[in-house]
Amino acid sequence: MYDLSAIRKDFPLLEEYIYLDNAATTQTPVPAVEAMKEYFYKYAANHGRGAHRLARMTTDKYEDARETVASFLNADVSGTVFTRNATESINMVAYGLQWQAGDHVIVSIVEHHSNLLPWLRLRNQGVDVTVIPANEEGIIEPQQIDLAITDRTRLVSVNHVTNVFGSVQDIGKIIRLSHKNNCMVLIDASQSAGHMPLNMKHLGADFLATPGHKGLLGPQGTGILLLKDTETLMPIYLGGGMVNSVSIENYQIEASPARFEAGTPNIPGVIGLGRSVEYVKDVGVENIEKHEKKLAKKAASMLSDIPKVNVYGPENRAGVVPFNIHGMNPHDVAIILDQTRKICVRSGYHCAMPSLQRMGLKGTVRASFALYNTIEEVEALAETVSDIAALIAE
Ligand SMILES: Cc1ncc(COP(=O)(O)O)c(C=O)c1O
C-alpha cells in the first residue's frame, strides 16, 4: 500500500507549504538528512586519501552510496560517476569526447538548456549540430532522428521526459535506431530518474545524465553520469584523486569512476543521495510513477476545466503540468499562488526557451509533482487558480 501520510512525515516542510516545484528540485527525506548529519558529526574526513579510520569510513560510505545508485539504476559500479548536477554530467560528455571537424550531433528542440548549450558550443570546434523538431505535445518522433542521421553523426542527445511539458520520449526506440546507425546516445534522465523505472543495462544508452536532487530526492549539488563504456570519454578535470602516478614528464590516470572525479567530491551530498535512493527504492519507483501520474492527470483535468486557463502537454504525461491564465504573466500567477496559499510553483521559461518559443509562448506556470504530493494539494492549486482567473475576468 502507498502510505502517503507516512511518507509525508519524512518531509517536515510539507506541513507548511504546498510544494509543487519538484521538477526544479525536490525535498530531501529525513533519513537522508540524518545520514548527512551522521557524516558531519561522526566520521567526516576526505575520500580515498587517508589511512586513518575516519578517512576509511568516509570512503566506505561514499562507495556504498555508489553501489546503491548503480544497483538502483542497474548500471556498472565502474561506470557510475558522481557529479555536481545533470548539467555537469552532460558537459563532461560534450567536452570528454574527442571531436573531429565535420562530426555531427543531434539534439531536439525540447531540451533543457543544459542539454542544448554544450552541443551548440561545439559548433565552434567545427561540429555540426542538428536540432530536430518535436510535436506540439513535446514528443520527439523517432522518425525525425532517422531523417537527421548522416554517416558523420556520432551522438544523439535527448531527454527522457521534458521538464516543460512532462512528455515522455520513446527512448528505447531512439536508442535502437541510433545504435543501428552507429551513433552513441546520451539520455538526459533529469525528469525521469526516481520518477519511473530506469534500467541502464536494458536501455543500453552510452551515457545517462541525471541530477541527484530531483526524483532521486538527494541534496542539491549532487548529480550522476552513467557510462556504458568507461573508455569512451576523457576526463575534463585533472587533479588529485584521479591519478595513480605523477612525474613532471608523465602521469597515469586511474580507471573509472575515479578518473572522472578529480578533487574532493561532495561527500556529504553523495552519502545523503545514497540514503535517499534507498528511500525511493523502499517506496517503490513503480508506485511513485503511478502516484505522480495520477496527480498530474487530475491537475491537468481540473485546470483545463477553468475558463481562461490553457494547459499544455500530452494527456499521458509524467508529473509535470504547465499552464497559463490568459492575459496574465506566469510570474504574477506564481507570486499570487505563493502569497495566498503558500503554493510553490515554477514560472517562466524553465531553462528551455526554444522549447516554448516554438509555440509562441513567453513562459508558463508549471506545477510538478513528487511522491509526497496529495490530491488535496492538487485541489488547492486548482481552486486558487480558478479564483485568480475569476479576478481577471471581472
Ligand atoms: C530535463 C532537464 N535537464 C537538465 C536539467 C539540469 O539539471 P541540473 O540543474 O541538476 O544541472 C534539468 C533541470 O531542471 C532538467 O529538467
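As the structure lists them, so they are numbered: ligands from 1, and atoms in each ligand from 1.
- Enumerated by chain and number, the residues approaching ligand 1 to less than 4.0 Å through a heavy atom are A23, N85, A86, T87, H112, S114, N163, D188, S190, Q191, P211, H213, K214.
- For residues 132-178, there are no ring-ring contact (aromatic ring centres under 6.0 Å, His included) pairs, not counting sequence neighbours.
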Just distance, no hydrogens or angles: give the donor-acceptor pairs under 3.5 Å from side chains in residues 207-217, sequence neighbours left out.
unit_1	atom_1	unit_2	atom_2	d
H213	ND1	T25	OG1	2.9
K214	NZ	A23	O	2.8
K214	NZ	A24	O	2.9

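- A 4.5 Å side-chain heavy-atom check between T59 and N46 finds every atom pair outside the cut-off.
- Side-chain contact check for R154 versus V105: every heavy-atom pair is 4.5 Å or farther apart.
- Judged as a side-chain contact (heavy atoms from CB on, under 4.5 Å), and not counting sequence neighbours, the contacts of R66 are Y62, E63, V77, T80, F82, P257, E261.
- For the pair M184/V93, no side-chain contact is recorded, criterion being any heavy-atom separation below 4.5 Å from C-beta on.
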